Amino acid sequence: MSRRAHISQKIAFSLLFLSTVFVVIPVVAILVFIVKNGVGAISWEFLTSYPRAGMKQGGIFPAIVGTFYLVFGAIAVSLPIGVLAAIYLNEYAKDTLLTRTIKLAIVNLAGVPSVVYGLFGLGLFVVFLKFGTSIVAGSLTLAIMGLPVIITTSKEALSSVPKQFREVSLSLGATRWQTVRHVVLPNAISGILTGAILSIARAAGEAAPILFTVAAFYLPKLPRSVFDQAMALPYHLYIISTQIPNISKQTQYGTALVLVGLVFILNLVAIVIRSRFRKKKKW
Amino acid sequence: MKKITTEDLNLYYGSFHALKGIGMAIEERRITAIIGPSGCGKSTLVRIFNRINDLIEEVRITGKVLIDGRNIYEPDYDLVSLRKSVGMVFQRPNPFPLSIYDNVAFGPRIHRMAGEGDLPGLVEESLKAVNLWGDLKDKLKRSALNIPLEQQQRLCIARLIAVRPDVLLMDEPCSALDPVATLKIEELMTELKKRYTIVIVTHNMQQAARISDETGFMLLGELIEFDRTEKIFTAPSDKRTEEYITGRYG
(Lines give C-alpha, C1' and ligand atoms only; values in the text may rest on other atoms or scores of the structure.)
Protein backbone atom coordinates (compact mmCIF):
# COMPACT_ATOMS: atom_id res chain seq x y z
CA MET A 1 0.00 0.00 0.00
CA SER A 2 1.34 3.41 -0.88
CA ARG A 3 1.93 5.92 1.89
CA ARG A 4 -0.77 8.20 0.56
CA ALA A 5 -3.39 5.46 0.48
CA HIS A 6 -2.34 4.44 3.93
CA ILE A 7 -2.82 7.93 5.32
CA SER A 8 -6.16 8.50 3.65
CA GLN A 9 -7.33 5.16 5.01
CA LYS A 10 -6.32 6.24 8.51
CA ILE A 11 -8.19 9.51 8.13
CA ALA A 12 -11.29 7.70 6.88
CA PHE A 13 -11.23 5.25 9.78
CA SER A 14 -10.77 8.02 12.31
CA LEU A 15 -13.71 9.91 10.84
CA LEU A 16 -15.90 6.82 10.96
CA PHE A 17 -14.84 6.13 14.52
CA LEU A 18 -15.40 9.70 15.67
CA SER A 19 -18.88 9.78 14.14
CA THR A 20 -19.73 6.59 16.00
CA VAL A 21 -18.49 8.01 19.27
CA PHE A 22 -20.40 11.19 18.59
CA VAL A 23 -23.61 9.17 18.46
CA VAL A 24 -22.91 7.53 21.79
CA ILE A 25 -22.07 10.74 23.68
CA PRO A 26 -25.58 12.22 23.92
CA VAL A 27 -27.06 8.88 24.96
CA VAL A 28 -24.55 8.47 27.76
CA ALA A 29 -24.77 12.13 28.72
CA ILE A 30 -28.56 12.06 28.97
CA LEU A 31 -28.52 8.90 31.04
CA VAL A 32 -25.82 10.15 33.40
CA PHE A 33 -27.53 13.52 33.78
CA ILE A 34 -30.94 12.03 34.53
CA VAL A 35 -29.64 9.39 36.90
CA LYS A 36 -27.42 11.82 38.76
CA ASN A 37 -30.18 14.38 39.26
CA GLY A 38 -33.07 12.02 39.70
CA VAL A 39 -31.87 9.02 41.63
CA GLY A 40 -32.26 10.84 44.94
CA ALA A 41 -36.01 11.16 44.35
CA ILE A 42 -36.54 7.45 43.82
CA SER A 43 -38.03 5.74 46.81
CA TRP A 44 -40.73 3.20 47.41
CA GLU A 45 -43.03 6.03 48.38
CA PHE A 46 -42.27 7.96 45.19
CA LEU A 47 -43.21 4.95 43.08
CA THR A 48 -46.31 3.91 44.98
CA SER A 49 -48.07 7.01 46.24
CA TYR A 50 -50.18 9.77 44.76
CA PRO A 51 -48.90 13.30 44.21
CA ARG A 52 -49.58 15.59 47.13
CA ALA A 53 -49.34 19.29 47.92
CA GLY A 54 -49.90 20.43 44.35
CA MET A 55 -47.51 17.78 42.91
CA LYS A 56 -44.65 19.04 45.03
CA GLN A 57 -44.69 16.07 47.35
CA GLY A 58 -45.78 12.46 47.21
CA GLY A 59 -45.23 10.17 44.27
CA ILE A 60 -46.15 9.43 40.69
CA PHE A 61 -47.95 6.12 41.05
CA PRO A 62 -51.03 7.00 38.97
CA ALA A 63 -48.85 8.26 36.12
CA ILE A 64 -46.88 5.00 36.06
CA VAL A 65 -50.06 2.93 35.99
CA GLY A 66 -51.57 5.16 33.31
CA THR A 67 -48.53 4.81 31.10
CA PHE A 68 -48.70 1.01 31.43
CA TYR A 69 -52.35 1.04 30.41
CA LEU A 70 -51.66 3.25 27.41
CA VAL A 71 -48.68 1.24 26.19
CA PHE A 72 -50.45 -2.10 26.47
CA GLY A 73 -53.59 -0.68 24.88
CA ALA A 74 -51.60 0.76 22.00
CA ILE A 75 -49.57 -2.41 21.38
CA ALA A 76 -52.63 -4.66 21.67
CA VAL A 77 -54.17 -2.75 18.77
CA SER A 78 -51.21 -1.85 16.61
CA LEU A 79 -49.24 -5.10 16.73
CA PRO A 80 -51.91 -7.39 15.25
CA ILE A 81 -53.10 -4.84 12.70
CA GLY A 82 -49.56 -3.88 11.75
CA VAL A 83 -48.37 -7.47 11.38
CA LEU A 84 -51.41 -8.51 9.37
CA ALA A 85 -50.99 -5.50 7.07
CA ALA A 86 -47.30 -6.30 6.66
CA ILE A 87 -48.13 -9.91 5.78
CA TYR A 88 -50.61 -8.75 3.19
CA LEU A 89 -48.20 -6.26 1.66
CA ASN A 90 -45.24 -8.60 1.63
CA GLU A 91 -46.84 -11.96 0.83
CA TYR A 92 -49.99 -11.32 -1.13
CA ALA A 93 -50.15 -7.86 -2.65
CA LYS A 94 -49.11 -7.60 -6.26
CA ASP A 95 -47.21 -4.51 -7.33
CA THR A 96 -50.11 -2.33 -8.40
CA LEU A 97 -50.82 1.36 -8.19
CA LEU A 98 -52.98 0.72 -5.12
CA THR A 99 -50.31 -1.14 -3.17
CA ARG A 100 -47.70 1.41 -4.13
CA THR A 101 -50.00 4.15 -2.85
CA ILE A 102 -50.51 2.24 0.39
CA LYS A 103 -46.77 1.83 0.87
CA LEU A 104 -46.24 5.51 0.22
CA ALA A 105 -48.96 6.35 2.74
CA ILE A 106 -47.25 4.22 5.38
CA VAL A 107 -43.92 5.93 4.86
CA ASN A 108 -45.61 9.31 5.13
CA LEU A 109 -47.52 8.29 8.23
CA ALA A 110 -44.16 7.73 9.91
CA GLY A 111 -43.21 11.33 9.20
CA VAL A 112 -46.31 12.95 10.68
CA PRO A 113 -45.47 15.04 13.77
CA SER A 114 -46.80 13.54 16.97
CA VAL A 115 -48.87 16.59 17.87
CA VAL A 116 -50.78 16.12 14.64
CA TYR A 117 -51.61 12.59 15.77
CA GLY A 118 -52.86 14.17 18.97
CA LEU A 119 -55.19 16.50 17.10
CA PHE A 120 -56.31 13.67 14.84
CA GLY A 121 -57.08 11.51 17.89
CA LEU A 122 -59.01 14.36 19.43
CA GLY A 123 -61.07 14.81 16.29
CA LEU A 124 -61.74 11.15 15.53
CA PHE A 125 -61.82 9.26 18.82
CA VAL A 126 -62.66 11.88 21.41
CA VAL A 127 -65.17 13.97 19.49
CA PHE A 128 -66.50 12.06 16.49
CA LEU A 129 -66.62 8.58 18.02
CA LYS A 130 -67.59 10.12 21.39
CA PHE A 131 -65.04 8.15 23.43
CA GLY A 132 -64.29 11.33 25.36
CA THR A 133 -60.83 11.96 26.75
CA SER A 134 -60.17 8.39 27.76
CA ILE A 135 -57.71 5.53 27.77
CA VAL A 136 -59.34 4.10 24.62
CA ALA A 137 -58.91 7.35 22.73
CA GLY A 138 -55.31 7.75 23.91
CA SER A 139 -54.35 4.13 23.21
CA LEU A 140 -55.88 4.21 19.75
CA THR A 141 -54.07 7.44 18.94
CA LEU A 142 -50.77 5.95 20.10
CA ALA A 143 -51.57 2.77 18.18
CA ILE A 144 -52.00 4.66 14.92
CA MET A 145 -48.79 6.51 15.58
CA GLY A 146 -46.98 3.20 16.10
CA LEU A 147 -48.43 1.46 13.04
CA PRO A 148 -45.95 2.66 10.42
CA VAL A 149 -42.96 1.50 12.45
CA ILE A 150 -44.53 -1.88 13.11
CA ILE A 151 -45.58 -2.35 9.49
CA THR A 152 -42.19 -1.30 8.11
CA THR A 153 -40.12 -3.45 10.45
CA SER A 154 -42.47 -6.43 10.10
CA LYS A 155 -42.35 -6.18 6.33
CA GLU A 156 -38.58 -6.04 6.51
CA ALA A 157 -38.55 -9.11 8.77
CA LEU A 158 -40.89 -11.04 6.46
CA SER A 159 -38.94 -10.23 3.34
CA SER A 160 -35.69 -11.33 4.95
CA VAL A 161 -37.03 -14.88 5.29
CA PRO A 162 -35.28 -16.73 2.42
CA LYS A 163 -37.41 -17.15 -0.68
CA GLN A 164 -36.45 -20.81 -0.88
CA PHE A 165 -38.33 -21.57 2.35
CA ARG A 166 -41.50 -20.36 0.67
CA GLU A 167 -40.74 -22.33 -2.48
CA VAL A 168 -40.14 -25.52 -0.54
CA SER A 169 -43.30 -25.11 1.45
CA LEU A 170 -45.42 -24.40 -1.61
CA SER A 171 -43.77 -27.20 -3.54
CA LEU A 172 -44.82 -29.58 -0.77
CA GLY A 173 -48.39 -28.60 -1.48
CA ALA A 174 -48.88 -26.07 1.31
CA THR A 175 -51.22 -23.21 0.51
CA ARG A 176 -49.95 -19.67 0.66
CA TRP A 177 -51.55 -19.10 4.03
CA GLN A 178 -50.10 -22.32 5.45
CA THR A 179 -46.72 -21.19 4.17
CA VAL A 180 -47.06 -17.83 5.87
CA ARG A 181 -48.39 -19.35 9.06
CA HIS A 182 -45.94 -22.25 9.46
CA VAL A 183 -42.81 -21.14 7.63
CA VAL A 184 -42.58 -17.40 7.14
CA LEU A 185 -43.99 -16.04 10.41
CA PRO A 186 -42.00 -18.28 12.78
CA ASN A 187 -38.83 -17.19 11.01
CA ALA A 188 -39.75 -13.51 11.02
CA ILE A 189 -40.97 -13.24 14.58
CA SER A 190 -37.79 -11.81 16.06
CA GLY A 191 -37.69 -9.00 13.51
CA ILE A 192 -41.34 -8.28 14.12
CA LEU A 193 -40.67 -7.99 17.83
CA THR A 194 -37.98 -5.41 17.10
CA GLY A 195 -40.69 -3.25 15.56
CA ALA A 196 -42.85 -3.80 18.59
CA ILE A 197 -40.01 -2.74 20.88
CA LEU A 198 -39.47 0.47 18.96
CA SER A 199 -43.10 1.40 19.04
CA ILE A 200 -43.45 0.56 22.74
CA ALA A 201 -40.69 3.01 23.50
CA ARG A 202 -42.34 5.67 21.42
CA ALA A 203 -45.82 5.08 22.81
CA ALA A 204 -44.53 5.29 26.37
CA GLY A 205 -42.57 8.45 25.84
CA GLU A 206 -44.71 10.74 23.70
CA ALA A 207 -46.64 13.53 25.39
CA ALA A 208 -48.24 15.25 22.41
CA PRO A 209 -50.56 12.46 21.18
CA ILE A 210 -52.02 11.93 24.66
CA LEU A 211 -52.30 15.61 25.48
CA PHE A 212 -55.82 16.04 24.10
CA THR A 213 -56.93 12.43 24.08
CA VAL A 214 -56.43 10.97 27.53
CA ALA A 215 -54.04 12.74 29.83
CA ALA A 216 -55.31 14.20 33.09
CA PHE A 217 -53.55 16.90 35.07
CA TYR A 218 -54.30 15.21 38.36
CA LEU A 219 -56.56 12.33 39.35
CA PRO A 220 -57.23 11.33 42.94
CA LYS A 221 -57.82 7.68 41.95
CA LEU A 222 -56.82 5.16 39.34
CA PRO A 223 -58.94 4.85 36.18
CA ARG A 224 -61.70 2.29 36.62
CA SER A 225 -62.53 1.65 32.97
CA VAL A 226 -61.06 2.26 29.54
CA PHE A 227 -63.37 5.23 29.17
CA ASP A 228 -61.75 7.04 32.08
CA GLN A 229 -59.01 9.60 31.84
CA ALA A 230 -55.59 8.65 33.09
CA MET A 231 -52.40 10.30 34.16
CA ALA A 232 -49.31 9.42 32.17
CA LEU A 233 -45.59 9.89 32.78
CA PRO A 234 -44.62 12.05 29.81
CA TYR A 235 -47.51 14.44 30.36
CA HIS A 236 -46.91 14.49 34.10
CA LEU A 237 -43.28 15.34 33.43
CA TYR A 238 -44.37 18.14 31.15
CA ILE A 239 -46.70 19.54 33.79
CA ILE A 240 -44.29 19.46 36.67
CA SER A 241 -41.61 21.02 34.51
CA THR A 242 -43.70 23.88 33.19
CA GLN A 243 -46.87 24.41 35.22
CA ILE A 244 -45.78 23.99 38.81
CA PRO A 245 -43.51 26.71 40.13
CA ASN A 246 -40.87 25.96 42.75
CA ILE A 247 -41.02 22.21 42.37
CA SER A 248 -37.78 20.48 43.28
CA LYS A 249 -35.48 19.54 40.45
CA GLN A 250 -35.12 16.14 41.99
CA THR A 251 -38.80 15.36 41.52
CA GLN A 252 -38.61 16.34 37.86
CA TYR A 253 -35.55 14.25 37.14
CA GLY A 254 -36.88 11.43 39.27
CA THR A 255 -39.97 11.33 37.07
CA ALA A 256 -37.82 11.35 33.94
CA LEU A 257 -35.73 8.53 35.37
CA VAL A 258 -38.81 6.44 36.05
CA LEU A 259 -40.02 7.03 32.49
CA VAL A 260 -36.68 5.99 31.04
CA GLY A 261 -36.54 3.00 33.39
CA LEU A 262 -40.04 1.92 32.44
CA VAL A 263 -39.25 2.03 28.73
CA PHE A 264 -36.06 0.13 29.47
CA ILE A 265 -37.90 -2.59 31.35
CA LEU A 266 -40.57 -2.94 28.67
CA ASN A 267 -37.85 -3.18 26.04
CA LEU A 268 -35.95 -5.70 28.09
CA VAL A 269 -38.97 -7.98 28.24
CA ALA A 270 -39.38 -7.80 24.48
CA ILE A 271 -35.67 -8.35 23.93
CA VAL A 272 -35.69 -11.45 26.11
CA ILE A 273 -38.64 -12.85 24.16
CA ARG A 274 -36.87 -12.02 20.92
CA SER A 275 -33.65 -13.73 21.87
CA ARG A 276 -35.62 -16.84 22.81
CA PHE A 277 -36.94 -16.95 19.24
CA ARG A 278 -33.59 -16.04 17.76
CA LYS A 279 -31.85 -19.02 19.29
CA LYS A 280 -33.98 -21.27 17.16
CA LYS A 281 -33.24 -19.50 13.92
CA LYS A 282 -30.07 -20.23 12.00
CA TRP A 283 -29.47 -20.03 8.33
CA MET B 1 -46.61 -45.62 -19.48
CA LYS B 2 -46.20 -41.91 -20.14
CA LYS B 3 -46.37 -39.91 -16.93
CA ILE B 4 -45.81 -36.36 -18.16
CA THR B 5 -46.45 -35.14 -21.70
CA THR B 6 -45.97 -31.64 -23.04
CA GLU B 7 -47.43 -30.37 -26.28
CA ASP B 8 -46.15 -27.22 -27.97
CA LEU B 9 -45.23 -25.72 -24.60
CA ASN B 10 -44.09 -22.08 -24.64
CA LEU B 11 -43.13 -19.88 -21.73
CA TYR B 12 -42.51 -16.15 -21.73
CA TYR B 13 -40.98 -14.03 -18.98
CA GLY B 14 -42.49 -10.71 -19.97
CA SER B 15 -41.37 -10.42 -23.59
CA PHE B 16 -38.54 -12.97 -23.26
CA HIS B 17 -39.39 -16.25 -24.96
CA ALA B 18 -37.78 -18.72 -22.54
CA LEU B 19 -39.23 -22.04 -23.68
CA LYS B 20 -39.99 -22.61 -27.32
CA GLY B 21 -42.45 -25.24 -28.47
CA ILE B 22 -41.37 -28.02 -26.13
CA GLY B 23 -42.90 -31.41 -26.91
CA MET B 24 -41.78 -34.39 -24.87
CA ALA B 25 -43.07 -37.46 -23.13
CA ILE B 26 -41.62 -38.62 -19.83
CA GLU B 27 -41.88 -42.29 -18.93
CA GLU B 28 -43.24 -43.47 -15.61
CA ARG B 29 -40.71 -44.84 -13.11
CA ARG B 30 -37.68 -43.90 -15.10
CA ILE B 31 -35.06 -41.25 -14.61
CA THR B 32 -35.22 -38.56 -17.26
CA ALA B 33 -32.33 -36.13 -17.40
CA ILE B 34 -32.52 -32.65 -18.87
CA ILE B 35 -29.12 -31.34 -19.89
CA GLY B 36 -27.91 -28.17 -21.56
CA PRO B 37 -25.78 -25.10 -20.98
CA SER B 38 -26.66 -22.52 -18.31
CA GLY B 39 -29.64 -20.39 -19.19
CA CYS B 40 -31.03 -22.86 -21.74
CA GLY B 41 -34.32 -23.15 -19.85
CA LYS B 42 -33.91 -26.57 -18.29
CA SER B 43 -34.76 -25.41 -14.77
CA THR B 44 -37.64 -23.34 -16.09
CA LEU B 45 -38.98 -26.46 -17.79
CA VAL B 46 -39.04 -28.70 -14.70
CA ARG B 47 -40.46 -25.85 -12.66
CA ILE B 48 -43.46 -26.00 -14.95
CA PHE B 49 -44.30 -29.54 -13.91
CA ASN B 50 -45.42 -28.50 -10.43
CA ARG B 51 -46.33 -24.97 -11.43
CA ILE B 52 -43.85 -23.41 -9.01
CA ASN B 53 -43.24 -20.88 -11.79
CA ASP B 54 -46.64 -19.42 -10.94
CA LEU B 55 -44.90 -17.53 -8.14
CA ILE B 56 -43.10 -15.32 -10.61
CA GLU B 57 -45.05 -12.37 -11.87
CA GLU B 58 -45.29 -11.76 -15.61
CA VAL B 59 -44.93 -15.40 -16.61
CA ARG B 60 -47.12 -16.48 -19.51
CA ILE B 61 -47.46 -20.07 -20.61
CA THR B 62 -49.10 -21.52 -23.72
CA GLY B 63 -49.51 -25.12 -24.81
CA LYS B 64 -50.31 -28.18 -22.77
CA VAL B 65 -48.70 -30.08 -19.93
CA LEU B 66 -50.46 -33.36 -19.26
CA ILE B 67 -49.80 -35.32 -16.12
CA ASP B 68 -51.66 -38.63 -16.02
CA GLY B 69 -53.57 -37.36 -19.02
CA ARG B 70 -54.87 -34.12 -17.47
CA ASN B 71 -53.67 -30.65 -18.41
CA ILE B 72 -52.26 -29.10 -15.23
CA TYR B 73 -52.84 -25.59 -16.59
CA GLU B 74 -56.60 -26.09 -16.80
CA PRO B 75 -58.19 -23.34 -14.72
CA ASP B 76 -59.87 -25.73 -12.28
CA TYR B 77 -56.81 -27.92 -11.72
CA ASP B 78 -56.18 -28.30 -7.99
CA LEU B 79 -52.73 -26.82 -7.31
CA VAL B 80 -52.40 -28.36 -3.87
CA SER B 81 -52.93 -31.88 -5.15
CA LEU B 82 -50.61 -31.22 -8.09
CA ARG B 83 -47.78 -30.10 -5.83
CA LYS B 84 -48.46 -32.94 -3.45
CA SER B 85 -48.01 -35.48 -6.23
CA VAL B 86 -45.21 -33.67 -8.07
CA GLY B 87 -42.53 -32.75 -5.57
CA MET B 88 -39.32 -30.84 -6.00
CA VAL B 89 -35.75 -31.12 -4.75
CA PHE B 90 -33.75 -27.91 -5.09
CA GLN B 91 -30.13 -27.10 -5.91
CA ARG B 92 -28.99 -26.34 -2.43
CA PRO B 93 -30.16 -28.54 0.40
CA ASN B 94 -32.80 -26.39 2.06
CA PRO B 95 -34.14 -27.94 5.23
CA PHE B 96 -36.30 -25.66 7.35
CA PRO B 97 -34.60 -24.35 10.51
CA LEU B 98 -36.49 -26.97 12.49
CA SER B 99 -35.61 -30.35 13.94
CA ILE B 100 -34.99 -33.30 11.63
CA TYR B 101 -38.27 -34.82 12.74
CA ASP B 102 -40.28 -31.63 12.17
CA ASN B 103 -38.80 -31.26 8.69
CA VAL B 104 -40.05 -34.67 7.60
CA ALA B 105 -43.34 -34.20 9.41
CA PHE B 106 -43.97 -30.80 7.81
CA GLY B 107 -45.82 -32.07 4.73
CA PRO B 108 -47.91 -34.72 6.48
CA ARG B 109 -48.95 -32.14 9.09
CA ILE B 110 -49.93 -29.58 6.46
CA HIS B 111 -52.00 -32.17 4.63
CA ARG B 112 -53.30 -33.79 7.81
CA MET B 113 -52.20 -37.11 6.40
CA ALA B 114 -51.65 -38.74 9.74
CA GLY B 115 -52.65 -38.16 13.33
CA GLU B 116 -49.79 -37.19 15.64
CA GLY B 117 -49.83 -40.83 16.75
CA ASP B 118 -49.10 -42.16 13.25
CA LEU B 119 -46.56 -39.47 12.40
CA PRO B 120 -43.50 -41.17 13.91
CA GLY B 121 -44.14 -44.19 11.70
CA LEU B 122 -44.43 -42.04 8.60
CA VAL B 123 -41.25 -40.13 9.50
CA GLU B 124 -39.39 -43.39 10.03
CA GLU B 125 -40.63 -44.82 6.75
CA SER B 126 -39.60 -41.67 4.85
CA LEU B 127 -36.15 -41.54 6.41
CA LYS B 128 -35.67 -45.24 5.67
CA ALA B 129 -36.53 -44.62 2.03
CA VAL B 130 -33.55 -42.29 1.74
CA ASN B 131 -31.26 -44.47 3.90
CA LEU B 132 -31.01 -41.92 6.67
CA TRP B 133 -32.85 -43.75 9.42
CA GLY B 134 -29.78 -45.62 10.66
CA ASP B 135 -27.73 -42.45 10.93
CA LEU B 136 -30.33 -40.13 12.34
CA LYS B 137 -32.77 -42.18 14.37
CA ASP B 138 -31.22 -41.01 17.63
CA LYS B 139 -30.92 -37.39 16.54
CA LEU B 140 -34.46 -36.66 15.40
CA LYS B 141 -34.84 -33.74 17.80
CA ARG B 142 -31.67 -32.03 16.61
CA SER B 143 -31.66 -29.15 14.20
CA ALA B 144 -31.62 -30.24 10.58
CA LEU B 145 -29.07 -27.54 9.84
CA ASN B 146 -26.36 -29.26 11.87
CA ILE B 147 -26.03 -32.40 9.75
CA PRO B 148 -23.70 -32.74 6.73
CA LEU B 149 -24.90 -31.29 3.42
CA GLU B 150 -25.35 -34.66 1.79
CA GLN B 151 -27.59 -35.81 4.65
CA GLN B 152 -29.45 -32.50 4.42
CA GLN B 153 -30.19 -33.17 0.77
CA ARG B 154 -31.38 -36.70 1.59
CA LEU B 155 -33.50 -35.20 4.34
CA CYS B 156 -35.08 -32.86 1.80
CA ILE B 157 -35.90 -35.87 -0.36
CA ALA B 158 -37.35 -37.63 2.69
CA ARG B 159 -39.45 -34.55 3.47
CA LEU B 160 -40.82 -34.81 -0.03
CA ILE B 161 -41.43 -38.56 0.07
CA ALA B 162 -43.42 -38.11 3.26
CA VAL B 163 -46.28 -36.52 1.32
CA ARG B 164 -46.35 -39.57 -1.01
CA PRO B 165 -45.72 -38.00 -4.41
CA ASP B 166 -45.47 -39.87 -7.74
CA VAL B 167 -43.01 -37.57 -9.46
CA LEU B 168 -39.75 -36.17 -8.07
CA LEU B 169 -38.35 -33.14 -9.85
CA MET B 170 -34.71 -32.55 -9.07
CA ASP B 171 -33.11 -29.28 -10.04
CA GLU B 172 -29.35 -29.91 -10.00
CA PRO B 173 -29.66 -31.75 -6.69
CA CYS B 174 -25.93 -32.46 -6.41
CA SER B 175 -24.47 -29.11 -7.40
CA ALA B 176 -23.68 -28.20 -3.78
CA LEU B 177 -22.20 -31.63 -2.96
CA ASP B 178 -18.74 -33.15 -3.25
CA PRO B 179 -18.15 -36.11 -5.62
CA VAL B 180 -18.56 -38.82 -2.96
CA ALA B 181 -21.81 -37.33 -1.72
CA THR B 182 -22.93 -36.97 -5.32
CA LEU B 183 -22.41 -40.67 -5.95
CA LYS B 184 -24.43 -41.52 -2.86
CA ILE B 185 -27.33 -39.36 -3.97
CA GLU B 186 -27.14 -40.94 -7.41
CA GLU B 187 -27.35 -44.43 -5.88
CA LEU B 188 -30.36 -43.27 -3.94
CA MET B 189 -32.02 -41.98 -7.10
CA THR B 190 -31.52 -45.32 -8.82
CA GLU B 191 -33.27 -46.97 -5.88
CA LEU B 192 -36.06 -44.42 -5.83
CA LYS B 193 -36.94 -44.86 -9.50
CA LYS B 194 -38.54 -48.21 -8.66
CA ARG B 195 -41.36 -46.23 -7.09
CA TYR B 196 -41.14 -42.73 -8.49
CA THR B 197 -40.87 -40.96 -11.82
CA ILE B 198 -37.76 -38.80 -11.59
CA VAL B 199 -36.89 -35.81 -13.73
CA ILE B 200 -33.43 -34.42 -13.03
CA VAL B 201 -31.91 -31.23 -14.34
CA THR B 202 -28.15 -31.42 -14.44
CA HIS B 203 -25.23 -29.56 -15.93
CA ASN B 204 -23.12 -32.63 -15.29
CA MET B 205 -23.19 -34.80 -18.40
CA GLN B 206 -21.48 -37.74 -16.73
CA GLN B 207 -24.21 -37.70 -14.16
CA ALA B 208 -26.89 -37.79 -16.83
CA ALA B 209 -25.06 -40.62 -18.59
CA ARG B 210 -24.64 -42.61 -15.36
CA ILE B 211 -28.13 -42.52 -13.97
CA SER B 212 -30.73 -41.56 -16.52
CA ASP B 213 -32.76 -43.76 -18.82
CA GLU B 214 -33.70 -40.96 -21.15
CA THR B 215 -32.12 -37.61 -21.81
CA GLY B 216 -33.31 -34.35 -23.29
CA PHE B 217 -30.84 -31.79 -24.57
CA MET B 218 -31.92 -28.16 -24.46
CA LEU B 219 -30.37 -25.11 -26.04
CA LEU B 220 -31.65 -21.52 -25.94
CA GLY B 221 -35.14 -22.55 -24.88
CA GLU B 222 -35.54 -25.31 -27.43
CA LEU B 223 -35.58 -29.03 -26.85
CA ILE B 224 -33.04 -30.07 -29.47
CA GLU B 225 -33.14 -33.80 -28.91
CA PHE B 226 -34.94 -36.22 -26.62
CA ASP B 227 -34.08 -39.90 -26.67
CA ARG B 228 -32.78 -42.90 -24.80
CA THR B 229 -29.66 -41.89 -22.88
CA GLU B 230 -27.30 -44.36 -24.64
CA LYS B 231 -28.47 -43.02 -27.95
CA ILE B 232 -27.90 -39.38 -26.96
CA PHE B 233 -24.44 -40.07 -25.65
CA THR B 234 -23.27 -42.47 -28.37
CA ALA B 235 -25.10 -41.54 -31.54
CA PRO B 236 -26.88 -38.22 -31.20
CA SER B 237 -28.87 -37.34 -34.27
CA ASP B 238 -28.42 -33.57 -33.99
CA LYS B 239 -25.05 -31.96 -34.57
CA ARG B 240 -25.56 -29.48 -31.72
CA THR B 241 -26.12 -32.31 -29.24
CA GLU B 242 -22.94 -33.92 -30.34
CA GLU B 243 -21.05 -30.67 -29.99
CA TYR B 244 -22.38 -30.18 -26.47
CA ILE B 245 -21.69 -33.68 -25.16
CA THR B 246 -18.21 -33.67 -26.59
CA GLY B 247 -17.61 -30.49 -24.65
CA ARG B 248 -17.35 -28.00 -27.45
CA TYR B 249 -19.55 -25.47 -25.67
CA GLY B 250 -21.59 -24.96 -22.56
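Per chain, numbering begins at 1; letters A, B, ... match sequence-line order. Only a predicted model underlies this, so the values are computations on that prediction, with no experimental measurement involved.
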Open item on the list: Looking at every non-hydrogen atom in both residues, tell me the closest pair between A/Phe165 and B/Pro95 and how far apart they are.
Closed with: CE2-O, 3.9 Å

- [ ] Identify the heavy atoms of A/Ser171 and B/Phe90 that sit nearest to each other, and give their distance.
- [x] OG-CE1, 3.8 Å

- [ ] Count the heavy atoms belonging to other residues, nucleotides or ligands that lie under 6.0 Å from CD of A/Glu156, then report whether that count exceeds 12.
- [x] no

Task: Crowding at CZ, A/Arg166 (>12 non-hydrogen neighbours, <6.0 Å) - done: yes

Open item on the list: Counting heavy-atom pairs under 4.5 Å with chain A, which one of B/His111, B/Met88, B/Arg109 comes out on top?
Closed with: B/His111

Open item on the list: Below 4.5 Å, heavy-atom pairs only: which of B/Leu55, B/Val163, B/Ile110 has the largest tally toward chain A?
Closed with: B/Ile110

- [ ] Counting only heavy atoms closer than 4.5 Å, note whether B/Ile52 contacts chain A via side chain, backbone, both or neither.
- [x] side chain

Task: Contacts of residues 67-86 of chain B with chain A (heavy atom under 4.5 Å) - done: B/Val80, B/Arg83, B/Lys84, B/Val86

Task: Members of residues 89-110 of chain A whose heavy atoms come closer than 4.5 Å to chain B - done: A/Lys94, A/Asp95

Open item on the list: For the NE2 atom of A/His182 and the CG atom of B/Leu98, what is their distance to the nearest 0.5 Å?
Closed with: 11.5 Å

Task: Student check: side-chain heavy atoms of A/Pro186 and B/Phe96 closer than 4.5 Å - done: no

Task: A/Gln164 side-chain N/O to B/Asn94 backbone N/O, donor-acceptor pair under 3.5 Å - done: no

